[in-house]
Amino acid sequence: MWEEAKGKETLASPVLQQFLRASLATMEDEAWTKGLSCELSRWLSSSPSSSGEKSFLYKALGTVLGACKEVLHIQEKLLQHLEEANAEEPSEAQGMISLLSHAAESNFHTVLDTLTTFASRLCRGQKGRISRRKKMELDSRRAQATRSALIRAHGSLALRASKEQLLARLEGDIVGNILLLYSCSCRDLQNTLALLQSITDFSSAFQAAGDSACFNPSLKGKLLEILTDLLKKYCLGTPVSPVPLKVVLALEQLSKLKPSLGSKDMCDMLILCCKIIVTHPSAEMMLKIRKSQQAAQYLQLLQTSLKALGRLMVVLLETETTSGFFQNIVHRSMTSGNTWERKRALQTCSQLLAVCEERGRGDACKHFGSLVGLLVPLTCDPMPTSRQLAVTCLSSLLRIQAKATNGVIQTGDIGSLCEGLNDRSTVCQLQTSSKIARIVCRSFSLEHTIDFMMAIKDTFRKAKGMRVRAAGKWMITFLQMHGKDICRDLDLSPIIYILRSCMSSLQHSTNTPFLCQAVAILTRCHTDITIDSFFHRR
């Protein structure tokens, strides 16, 4: 059966692997098992690197070594093939990981001890005095690739370990070896991605060990420091890289481990993640990316990164308020002049609001006024996707408020108006936006008025074209619907101050008619207070 399978490895490997496991399960002859491992070892050493046969042989030898009981024999064979493998070949690197992972299923401690021995050899002399020849060996591309493969292998072992094995060996041996290998490696993309994958893997494994398990806070802090440094390194000069995505994925798993990281640490990390994933690449770089041969790959990577950022925020929402999320993500990017950045901010905001809605996080309503004010101009954004995302966010926000206040808010009308925002005519878009404004403003609580007006002011200051007109239309609609109540129940001075400051720093003539109309509405509602506040500085 074995010989017949050669040349048909892709199809035969699963069948042979299943046959091998069944055979080992019925055999209790150590000599036979050792003999089989020696034969597999010989075939493995003589197989060409790129062959599918060799990929299978790595798995098969690992499976057989997992069934062996003689520790020295297991270690000898593992070390032999770790030394022989050329990890510069991706198939060889994966073969090393498969060999170790399959062997660890039944001989976890022996495999990890062997890995520790081999890792020490690869890092020996990095800080001491060694011969020139030895230093060249340790610094060779092959040695660097081997360290990268071993870093990944430790993460794979963590995923296969039992709860008892993991708790006994994770912090001291698995994580310790990973950090040792990384400290001895060059900081190239391959080693960086290997580190991030291993952090993701062992964090996921530790989380699966149960709620009672607590990860070493000092070690967790060290890992967070490494992740922060990586984000800072890739913050500038790298238009699109898988590193920020992998950092967010690693953070997602690491942040789930108890005890929770400090609020300041996580807030700082979140700001950094958003700075890279939401605000980069620039508009100019996005144009270059879309014209490149790797356009589809880059754009998919950006979308995956945004989704990963959303999942990270879901994890952090378990222990944090929504305040920092909206301030650091939404407020900073929704008024950007970069259409791509606004779109990415909207995607992130829609994920965050969807989670708040699902989990009944009424504290998101504290930002109702400012969020509405920021979303308003984006209903007339030049990018169609952004217009739709803005409406999605508004709908979520209305439902969150309805649930928090035990009210009944109809958002179905908003959904039916989305088609109008897809119209190529900007006039139609503005008319549709105005209809949405009347629906949203019905649900407005006066306590959010100042926040709303401040956000509109920010749009007047930073935005252009249709976004400014949409902001002006919404402001007028709001004042027409609530002007009398505002004059009766609120202090007009802050609102008048906002309008006056807009007029004193006019950058676009588009603003002027809206500001004049706003003052006229307030004057009709309460003439004396409006005139006194507007024309007399306090």
Side-chain angles (χ1 to χ4, degrees), residues 278 283 286-287 290 330-331 333-350 353-354 368-399 409-444 452-453 455-482 502 506-518 521:
V278 176
M286 282 297 298
L287 290 175
R290 290 174 70 85
V330 179
H331 290 209
S333 297
M334 282 194 177
T335 56
S336 169
N338 180 349
T339 55
W340 299 99
E341 182 179 341
R342 294 197 300 271
K343 177 186 173 183
R344 292 191 287 265
L346 279 166
Q347 287 175 304
T348 306
C349 183
S350 66
L353 287 171
F368 186 89
S370 58
L371 276 174
V372 171
L374 289 166
L375 291 166
V376 161
L378 300 178
T379 58
C380 289
D381 193 270
M383 193 173 284
T385 307
S386 293
R387 298 197 291 270
Q388 296 299 325
L389 284 168
V391 174
T392 299
C393 290
L394 285 168
S395 298
S396 291
L397 201 55
L398 289 177
R399 289 192 295 268
I409 298 180
Q410 299 295 331
T411 61
D413 291 338
I414 294 180
S416 65
L417 293 172
C418 286
E419 188 175 342
L421 294 178
N422 288 330
D423 198 293
R424 291 186 178 183
S425 167
T426 54
V427 174
C428 182
Q429 292 172 21
L430 191 60
Q431 290 174 343
T432 303
S433 179
S434 298
K435 292 176 183 177
I436 295 172
R438 286 191 283 274
I439 297 172
V440 174
C441 287
R442 288 186 209 135
S443 307
F444 231 102
F452 172 74
M453 293 295 291
I456 295 295
K457 173 189 171 183
D458 209 28
T459 298
F460 283 162
R461 186 168 58 90
K462 297 179 180 179
K464 297 179 181 179
M466 290 298 296
R467 286 186 291 145
V468 174
R469 295 184 66 183
K473 285 280 188 180
W474 277 65
M475 179 181 68
I476 296 306
T477 299
F478 172 75
L479 292 176
Q480 286 174 337
M481 294 178 70
H482 298 287
C502 287
L506 280 178
Q507 296 180 358
H508 309 291
S509 58
T510 313
N511 308 355
T512 308
F514 298 116
L515 294 170
C516 292
Q517 190 175 354
I521 292 170

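Being a predicted model, the structure only gives us computed values, none of them experimental.
- Residues satisfying the side chain to side chain contact (heavy atoms under 4.5 Å, CB included) criterion with Ala437, sequence neighbours excluded, are Trp474, Thr477.
- For residues 425-437, no pair satisfies salt bridge (charged side-chain N to carboxylate O under 4.0 Å, His left out), with sequence neighbours left out.
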For Phe514 and Lys473: C-alpha separation, side-chain torsions, deciding distance, then whether side-chain contact (heavy atoms from CB on, under 4.5 Å) applies.
CA-CA 7 Å; Phe514 298 116; Lys473 285 280 188 180; 4.2 Å; yes
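- In this structure, the side chain to side chain contact (heavy atoms under 4.5 Å, CB included) partners of Gln517, at least two apart in sequence or on a different chain, are Ile476, Gln480, Ile521.
- Of all heavy-atom pairs between Ser370 and Ala455, the closest is O-CB, 3.6 Å.
- Counting only heavy atoms from C-beta outward, the side chains of Thr426 and Arg469 never approach each other to under 4.5 Å.
- Annotation: side chain to side chain contact (heavy atoms under 4.5 Å, CB included) contacts of Gln347 (sequence neighbours excluded): Gln303, Leu306, Lys343, Arg344, Leu389.
- Between atom CG of residue Leu394 and atom CG of residue Leu375 there is a gap of 4.5 Å, rounded to the nearest 0.5 Å.
- For the pair Cys380 and Leu430, the minimum side-chain heavy-atom distance is below 4.5 Å.
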Go through the steps for Ser386 and Leu378 under the test side-chain contact (heavy atoms from CB on, under 4.5 Å), then give the verdict.
CA-CA 7 Å; Ser386 293; Leu378 300 178; 5.5 Å; no
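- For Thr392, the side chain to side chain donor-acceptor pair (under 3.5 Å) criterion is met by no residue, not counting sequence neighbours.
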Evaluate side-chain contact (heavy atoms from CB on, under 4.5 Å) for Leu421 paired with Ile436, printing each intermediate quantity in order.
CA-CA 10 Å; Leu421 294 178; Ile436 295 172; 4.0 Å; yes
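- At a threshold of 4.5 Å between non-hydrogen side-chain atoms, the residues Val376 and Thr459 do not count as touching.
- When all heavy atoms of Arg467 and Ser336 are compared, the pair lying nearest together is NH1-O, 3.8 Å.
- With sequence neighbours excluded, no residue forms a side chain to side chain donor-acceptor pair (under 3.5 Å) with Asp423.
- Here the shortest heavy-atom pairing between Ala471 and Ile456 reads O-CD1, 3.8 Å.
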Gln429 and Asn422: CA distance, side-chain angles, deciding distance, side chain to side chain donor-acceptor pair (under 3.5 Å) verdict
CA-CA 7 Å; Gln429 292 172 21; Asn422 288 330; over 6 Å; no
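- Using modelled atom types, one side-chain atom of Ser350 and one backbone atom of Leu346 make a donor-acceptor pair closer than 3.5 Å.
- Rounded to the nearest 0.5 angstrom, Trp340 CH2 and Met383 CE are separated by 4.0 Å.
- Met475 has its side chain within reach of Phe460: a pair of non-hydrogen atoms, C-beta onward, lies under 4.5 Å apart.
- In terms of the side chain to side chain donor-acceptor pair (under 3.5 Å) criterion, Thr432 has no residue partners (sequence neighbours excluded).
- The aromatic ring centroids of Phe368 and Phe452 lie 6.0 Å or more from each other.
- Residue pairs meeting the salt bridge (charged side-chain N to carboxylate O under 4.0 Å, His left out) criterion with at least one member in residues 379-393, sequence neighbours excluded: Arg342-Asp381.
- Between the side chain of His482 and the backbone N or O of Arg442 there is no donor-acceptor pair closer than 3.5 Å.
- A distance of 8.0 Å separates SG of Cys349 from CG of Leu397, quoted to the nearest 0.5 Å.
- Rounding to the nearest 0.5 Å gives a distance of 12.5 Å between CG of Asp458 and CE of Met334.
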